[in-house]
Structure formats: C-alpha cells, structure tokens
J.: 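Please see the structure below; I have some questions.
Note: hydrogens, waters and symmetry copies are ignored here, and every other heavy atom, side chains too, is used. As the structure is a prediction and not an experimental result, all values here were calculated from the model.
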Amino acid sequence: MTPALSPTRSHNVAVIGAGPAGLVAARELRREGHSVVVFEKQKQGGGTWIYTDEVESDPLSVDSTRSIVHSSVYSSLRINGTRECTGFRDFPFVVRSGVSESRDPRRFPSHGEVLAYLQDFAKEFAIEEMVRFETEVLKVAPALEGEIGKWRIESTEKEKRVRRDEIYDAAVVCNGHYVEPRLAQIPGISSWLGKEMHSHNYRIPEPFKDQIVVLIGNSSSAEDISRDIATFAKEVHVACRSNPADTFIKQTGYNNLWTHSSIECVHEDGSVVFQNGKTISVDIIMHCTGYKYHFPFLDTNGIVTVDDNRVGPLCKDVFPPAFAPWLSFIGIPWQVLPFPMFELQSKWIAGVLSGRIPLPSKEDMIMEIKTFYSTLEVQGIPKRYTHRMGNTQFEYDNWLASQCWCSETEEWRKEMCSANVVRMEAHPETYEWEDHHLISQAYQDFSLYS
C-alpha cells in the first residue's frame, strides 16, 4: 500500500457537476474537512433529473455546434427502483412530513420527486453554499506539466461574465454520462429518407400521433418510451439485437406494439427490414441506445482516455493511477442503484485525500487494472461494457464500504433490488407489489437517521 497522506490533512477540492454524484461528493469532502467548490453549469443542482421541455436542435445530438441540453428525462418517467433502495444511505428517500402536497408519494415516483429529494438533500446539508451555479468548466488539467497534485480549473460564470483560472489540490469529476448519445449502426441509413432521433430528445408522445415508429434498444428507456408512444402512434416496433433472430412478439395489453430482433437494413423508400424477415414502412427511428462517457473539459495529455466507452485506466472505476488521488471520478459504473454507490465512492475519495485511508501503490493499481481488463476479455465482454456492473454491484459497494469502515449493503436492500429487477422484467408496466416485510426492515434502519 502507498502510505496514507498526512492524517486529516485538508485540501482545496474542485467538484465538477452538482448532480446526485456531485452533491454527495461535496457533502463527504466537507465532512472530511476539505474546502470544496462545486462547479455547475445549470441554474440549480440535480443534474439529469432537472426536467425541461427543451430539446436539442439536432434530434440525433451529433452536431458538435448544437446547443446541448443536459437532461435526458422525459415527461412520464418514473424511477424503476423503489424509494427505499434508491436514496442515499443516511438520508433515506422517504415521504417527509411537512412537505408540499404536490409531491409524489408513490414508491416508484416521478422524476420530479427525485429532483425534490435531491433539493431536500442539498438543503439539509447546506450544500448549495459550496456551488457556483451557471458556471461552465472549460478545462481541467494538471497545473504544471509533470507535477502531480495540483489542478488548473478554467471556468466561466454566465451571469457575471466572469472567467476564472484557479488552482486546486484535487479535482473530482461528477459530470454524469447522459448527454452524449450512442447511435446504432444501421446498414443503408445514409440514404434512408425517414426521420431519426435519439431518446435524449424525447419528452412527450403526442408528436408521434398516427406515425409508425421503430425504437432501437433493450433498456428501461426503450420499454418506457415504446409504451408511452403506443398511446398515440399508429404502430410501435421495438428492435433489440439481443433477441433471437426470429423474434416477433405482440406485447400484451397493446394492439399496436411489437418486439423484433435487430434491424437487418433500411431502404431509401422508408422501409425497415428486421432480421426476422418482417419489412415495415416507417416514419421515424428512435435510438434508445445509451450514451457515451464524455469529458470535453478534461486535458490529461492522453493519460486518461475514453476508448469505445471504456474510461481508463481507472482503479476501481475511480482513480487513474498516474494522477491518484488528486484526480478522481464518481459515477462511472452502470448500476441499478447509483445513489448509494455515489455516496460510498465519495467517502472513499474524501478519506484518501485526508490521509485516513491508504491507496495501493501506483504499480499495484496498474496491475489490478490490467488483470481486470484481461478477465473481461477472457469472458468475452466487449470493451464498451467495461463499466457495466450487473450482478457485481453489491460486491463493489461492499468493497468500497470496507475501505471506509462503513457497514455493508443492507440485506433488505439487496433482496428488494433483486426482487424488483425480476418483477420489472416480467411485468414492466406494473410498479407496485407486496413486499411489506422488506419495507418494515428498511424503515427500521431509516429510524436511525431520523
């Protein structure tokens, strides 16, 4: 292990982004005694949970000159995990007394309730006093070439038209990864005359009235949006490459919604040919195909890169060995329960920076990363899925907890999450079911934080 830094040493830390990851990072860093400044481009905290009717001028979001809209939230979105599982560990996502009647008390509430919860969190821990709103980070780079441990942050504040060039001891990147869309590669698409868009720019179903729509993807957003659009569209067809080639299934409860295998090709006349042999004349193709990691402000001279959606090299998806611990990332892994993970990653980073928690040596971190990449290759996992946790999320969270001397993930949370995943796969249109024994266990734990 690398010797820990001077015990309980305080540092000036820049946090990039005031979404869920940035908010909890700011709290944990300040709890540890660090001086924190959070840079947030928007007018308020909440990140992608800030809903807006606004969409980008380029429906595919590939035009580099477009005005970027940060949020990917659509009007009907509800969380697909329970309140009890979703919230931060020591600030439970519960219905609080004395709040506005306009709040959403459901166990699977709307995006607006998540934003309100994050605002409650920020208020409870006085986080906004650390945030510079409407401030865009232009560049994050080592302060001096070859010097480890100082970071130059160049930013511009919209309202005051102030441009700053500042030096910080450490930078924590929390800018999210729901802004830069990934697109499916479709043979013949360059000459196809229909419309295309990415789900990043989907908000409401009414514009799809009487249209024939194809959605590409197998994510929660594809499931949600396909059912949303089916209430107005003439036909909705969902194409998924993980389905067997002969897949052609009419969805229960709908007379205009079908699931297919992947798209074979498209033709100039507007037709879409699926691997199952079906050919359909289509008005619009929507890519529900996820997002790319994107750090346009980060300049590490090629040391930290994004290669086929692999951010690396990162030890435990957090620290790049060459810059550890002075540069770190929160929120890189894809998890079903991101908020508790953000919290644990934040505790780890804060403790390492203060000197309480030692890091492995640079050499050991590099070796661990190489071993991890080799394991993925042997298992046949594509590079683009490097950060997909799947069933290992609780193992990862528990490892973080062990580093921070925190308790492991509660058994009720693991059981509730697993049951939720199974239920959602079987009945994606249903949000409520009976698990009172798990709810009771959750609220027993929550009482410790009341």
J.: Under 3.5 Å, is there a donor-acceptor pair linking the side chains of Q44 and Q119?
T.: yes
J.: Would you check if F394 and M389 make a side-chain contact, meaning some heavy-atom pair closer than 4.5 Å?
T.: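 Answer no - side chains too far apart.
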J.: Taking NZ, NE, NH1 and NH2 as the nitrogens, is one of them in R356 or E32 under 4.0 Å from a carboxylate oxygen of the other?
T.: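 A salt bridge links R356 with E32.
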J.: Of all heavy-atom pairs between S35 and S10, which one has the smallest distance, and what is that distance?
T.: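 Minimum heavy-atom separation between S35 and S10: N-OG, 3.9 Å.
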J.: Taking the side chain from S226 and the backbone from E223, do they hold a donor-acceptor pair closer than 3.5 Å?
T.: yes
J.: A side-chain contact here means heavy atoms from C-beta on lying under 4.5 Å apart; do I369 and P321 qualify?
T.: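 Yes, close enough: below the 4.5 Å cut-off.
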J.: Please lay out, stage by stage, how V55 and R203 fare under the test side chain to side chain contact (heavy atoms under 4.5 Å, CB included).
T.: CA-CA 8 Å; V55 296; R203 296 293 183 269; 3.7 Å; yes
J.: Is R310 close to L376 at the side-chain level, that is, under 4.5 Å between some pair of heavy atoms?
T.: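 The answer is yes; the side chains approach within 4.5 Å.
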J.: Does a side-chain N-to-carboxylate-O contact under 4.0 Å join D104 and R106?
T.: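 Yes, charged N to carboxylate O under 4.0 Å.
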J.: Is there a donor-acceptor pair closer than 3.5 Å between any side-chain N or O of N420 and the backbone N or O of N80?
T.: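 The answer is yes, because a donor-acceptor pair under 3.5 Å joins these two groups.
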J.: Does the side chain of V179 come within less than 4.5 Å of H294's, by heavy atoms?
T.: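 No - every pair of side-chain heavy atoms lies 4.5 Å or more apart.
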J.: Please confirm whether the backbone N or O of Q42 pairs with a side-chain atom of E40, one donor and one acceptor, at under 3.5 Å?
T.: yes
J.: Would you kindly say whether Y74 and D224 are connected by a side-chain donor-acceptor distance under 3.5 Å?
T.: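 Result is yes, a qualifying pair exists.
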J.: Whether E368 and K316 form a salt bridge (side-chain N of Lys/Arg under 4.0 Å from carboxylate O of Asp/Glu) is what I want to check.
T.: yes
J.: Mind checking the CD1-CD spacing from I284 to E196? Nearest 0.5 Å is all I need.
T.: 9.0 Å
J.: Between F91 and F88, does the ring centroid distance fall short of 6.0 Å?
T.: no
J.: Looking only at heavy atoms, what is the nearest atom pair of P325 and L359, with distance?
T.: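 Nearest pair, atom of P325 first, then L359: CB-CD1, 3.9 Å.
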J.: Hey, are the side chains of I303 and P320 touching, using non-hydrogen atoms and a 4.5 Å cut-off?
T.: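 Result no, sub-4.5 Å side-chain heavy-atom pair not found.
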J.: Should Q393 and V336 be marked as a side chain to side chain contact (heavy atoms under 4.5 Å, CB included) after you check the CA-CA gap, both sets of side-chain angles, and the distance that decides it?
T.: CA-CA 8 Å; Q393 66 170 319; V336 175; 3.5 Å; yes
J.: Using the ring-ring contact (aromatic ring centres under 6.0 Å, His included) definition, which of the options Y396, Y291, W334, Y293 pairs with H387?
T.: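 So the option named by the test is Y293.
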J.: With side chains defined as the heavy atoms from C-beta onward, is the minimum distance between S190 and W192 less than 4.5 Å?
T.: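 Heavy-atom side-chain distance check fails, nothing below 4.5 Å.
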J.: What are the two closest heavy atoms between G81 and I79, and how far apart are they?
T.: O-CD1, 3.0 Å
J.: Test side chain to side chain contact (heavy atoms under 4.5 Å, CB included) on V15 and L23 and set out the steps.
T.: CA-CA 9 Å; V15 175; L23 293 174; over 6 Å; no
J.: How close do D228 and P205 get, heavy atom to heavy atom, and via which atoms?
T.: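 Answer, listing the atom of D228 first, then P205: O-CB, 3.4 Å.
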J.: Quick test of your reading of the model: are D307 and R384 salt-bridged, counting only N-O distances below 4.0 Å?
T.: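 No, D307 and R384 are not salt-bridged.
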J.: Could you give all pairs that pass the salt bridge (charged side-chain N to carboxylate O under 4.0 Å, His left out) test and reach residues 161-189, with sequence neighbours left out?
T.: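 Non-adjacent pairs meeting salt bridge (charged side-chain N to carboxylate O under 4.0 Å, His left out): R66-E180, R132-E166, K150-D169, R152-D165, E154-R163, E157-R164.
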J.: ring-ring contact (aromatic ring centres under 6.0 Å, His included): which pairs involve residues 344-378, sequence neighbours left out?
T.: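 ring-ring contact (aromatic ring centres under 6.0 Å, His included) check on residues 344-378 returns F319-W348, W348-W399.
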J.: Starting at CE of M341, measure out to CD1 of I332 and round the result to the nearest 0.5 Å.
T.: 8.5 Å
J.: Hey, are R89 and S407 close enough side-chain-wise for a donor-acceptor pair under 3.5 Å?
T.: yes
J.: Supply the atom-to-atom distance Q185 CD to S262 OG, rounded to the nearest 0.5 angstrom.
T.: 13.0 Å
J.: Got F295 and V306 here, is their nearest side-chain heavy-atom distance under 4.5 Å?
T.: yes
J.: Less than 4.0 angstrom from a charged side-chain N to a carboxylate O is my criterion; do D90 and R31 meet it?
T.: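 Result for this pair is yes, salt bridge flagged.
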J.: Sort out for me which residue in V173, I349, V318 forms a side chain to side chain contact (heavy atoms under 4.5 Å, CB included) with F329.
T.: V173
J.: Please report the shortest heavy-atom distance between Y202 and I204, naming the atom on each side.
T.: CE1-O, 3.2 Å
J.: Does the cation-pi check pass for R78 over F108, that is, NZ or CZ under 6.0 Å from the six-membered ring centre and within 45° of its axis?
T.: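 Ring-cation test returns no.
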J.: With the threshold set at 4.0 Å, does a side-chain nitrogen-carboxylate oxygen contact exist between R413 and D397?
T.: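 Answer for the salt bridge query: no.
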J.: How many angstroms lie between CG in D317 and OG in S328, if you round to the nearest 0.5 Å?
T.: 12.5 Å
J.: Within a strict 4.5 Å, meaning less than it, do heavy atoms of the N309 and K383 side chains meet?
T.: no
J.: Roughly how far, to the nearest 0.5 Å, is CG of N243 from CG of N218?
T.: 6.0 Å
J.: Between V37, V36, V13, V140, which is the residue that forms a side chain to side chain contact (heavy atoms under 4.5 Å, CB included) with Y168?
T.: V37
J.: Around atom NZ of K414, are there more than 12 heavy atoms from other residues, nucleotides or ligands closer than 6.0 Å?
T.: yes
J.: Is the ring centre of F297 less than 6.0 Å from the ring centre of W151?
T.: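 Here the rings of W151 and F297 have centres that are no less than 6.0 Å from each other.
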J.: Are H200 and S61 linked by a side-chain donor-acceptor pair shorter than 3.5 Å?
T.: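 The criterion, which ignores hydrogens and geometry beyond distance, is not satisfied for S61 and H200.
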J.: Of all heavy-atom pairs between H287 and A184, which one has the smallest distance, and what is that distance?
T.: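 H287 and A184 have their closest heavy atoms at ND1-N, 3.1 Å.
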J.: With a 6.0 Å cut-off (strictly less than), is the heavy-atom count around CD of E377, excluding the residue itself, greater than 12?
T.: no
